[in-house]
Amino acid sequence: EMYDKTYMEADTLYDGMADALDGLYERGYAIAVLSNKQDNYVKLIVEQIVKEGIVSLAMGQQEGYPTKPDPSVPLMIAERFGVLPSEVAFIGDSEVDVMTAKNAGMMSVGCDWGYRGREVLECHGADHVIEGLHILDLGILHQLFGGIDAQRLACQRTGSGVEDLTDTVASGIQVGQ
């Protein structure tokens, strides 16, 4: 009941997040949001604070779907977008996000500006921890993915081989400004 009254206190993105999301979208990345918050709230928040069309899929907790750190939903999202788990950068701001990525066989990218700091993310085995939104660009992601072809990373969002960046927006939501 309390969340019914307070969920929209998360009414802004962190400074620079809108530009980072725009940049990823313009480079051809499909962006998904996966949260353990209730599905209807996740969808409403994304709809209200992210530019229309940027997020390809927003999903929260739903009956019949396990929550993070279970890998089932992230694997379902990867399959829906036509990519292998090893081709997904699961970007998040908590140890649960790191564990989810690891459980799904995805690259875990921790954001030290969100819910947890660098130490917690590294302690839980994040593959990479980023310090600022400027790092969310094609060049850095290509370096992180190593041998994956840059064309594959920058493919059309509507074709096969779409890159999925889960939890990015959730890591960019700032509560109560």
- prompt: Is there a donor-acceptor contact under 3.5 Å from the side chain of R118 to the main chain of V129?
  reply: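 It does hold such a pair.
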message: Under a 3.5 Å distance rule, please check whether E87 uses its side chain to pair with a backbone N or O of L84 as donor and acceptor.
response: yes
Give the minimum heavy-atom separation between [X] and [Y], together with the two atoms involved.
{"X": "V50", "Y": "L21", "answer": "CG1-CD1, 4.3 Å"}
{"X": "A126", "Y": "V98", "answer": "N-CG1, 3.6 Å"}
{"X": "P85", "Y": "L75", "answer": "CG-CD2, 3.5 Å"}
{"X": "V42", "Y": "S35", "answer": "CG2-CB, 3.6 Å"}
{"X": "G60", "Y": "D39", "answer": "N-OD1, 2.8 Å"}

field: Distance in Å, I91 CD1 paired with L34 CG, rounded so as to fall on 0.5 Å steps
entry: 13.0 Å
- prompt: NZ of K43 to NZ of K37: how many Å apart, nearest 0.5 Å?
  reply: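 With rounding to 0.5 Å, NZ (K43) is 14.5 Å from NZ (K37).
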message: Applying side-chain hydrogen bond (donor to acceptor under 3.5 Å, both in side chains), can you list everything that pairs with Q61, at least two apart in sequence or on another chain?
response: none
task: Give every residue pair that meets the salt bridge (charged side-chain N to carboxylate O under 4.0 Å, His left out) criterion with at least one member in residues 45-63, sequence neighbours excluded.
output: D22-K51
Within residues 70-86 or reaching into it, pairs that qualify as salt bridge (charged side-chain N to carboxylate O under 4.0 Å, His left out) - sequence neighbours excluded: none
field: Full working for side chain to side chain contact (heavy atoms under 4.5 Å, CB included) between V88 and V83
entry: CA-CA 7 Å; V88 175; V83 295; 3.6 Å; yes
message: The criterion is side chain to side chain contact (heavy atoms under 4.5 Å, CB included); which residues satisfy it with P69, sequence neighbours excluded?
response: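 Expected list: V96, M99, T100, N103.
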Review item, side-chain donor-acceptor pairs of residues 104-112, under 3.5 Å, at least two apart:
unit_1: S108; atom_1: OG; unit_2: D127; atom_2: N; d: 2.8
unit_1: S108; atom_1: OG; unit_2: D127; atom_2: OD2; d: 3.3

Is there a side-chain contact between [X] and [Y] in this structure, where contact means two heavy atoms from C-beta onward sitting under 4.5 Å apart?
{"X": "V73", "Y": "M59", "answer": "yes"}
{"X": "S56", "Y": "I31", "answer": "no"}
{"X": "K68", "Y": "F90", "answer": "yes"}

query: Can you check side chain to side chain contact (heavy atoms under 4.5 Å, CB included) on Y65 and S72, steps first, answer last?
result: CA-CA 8 Å; Y65 293 95; S72 301; over 6 Å; no
- request: List the steps and the verdict of side chain to side chain contact (heavy atoms under 4.5 Å, CB included) for W113 and D93.
  value: CA-CA 7 Å; W113 65 82; D93 62 353; over 6 Å; no
message: I'd like to know if I130 and V120 are part of one continuous hydrophobic network [Ile/Leu/Val/Met/Phe/Trp/Tyr, side-chain heavy atoms within less than 4.5 Å].
response: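 Per the 4.5 Å side-chain linkage, V120 and I130 are not co-clustered.
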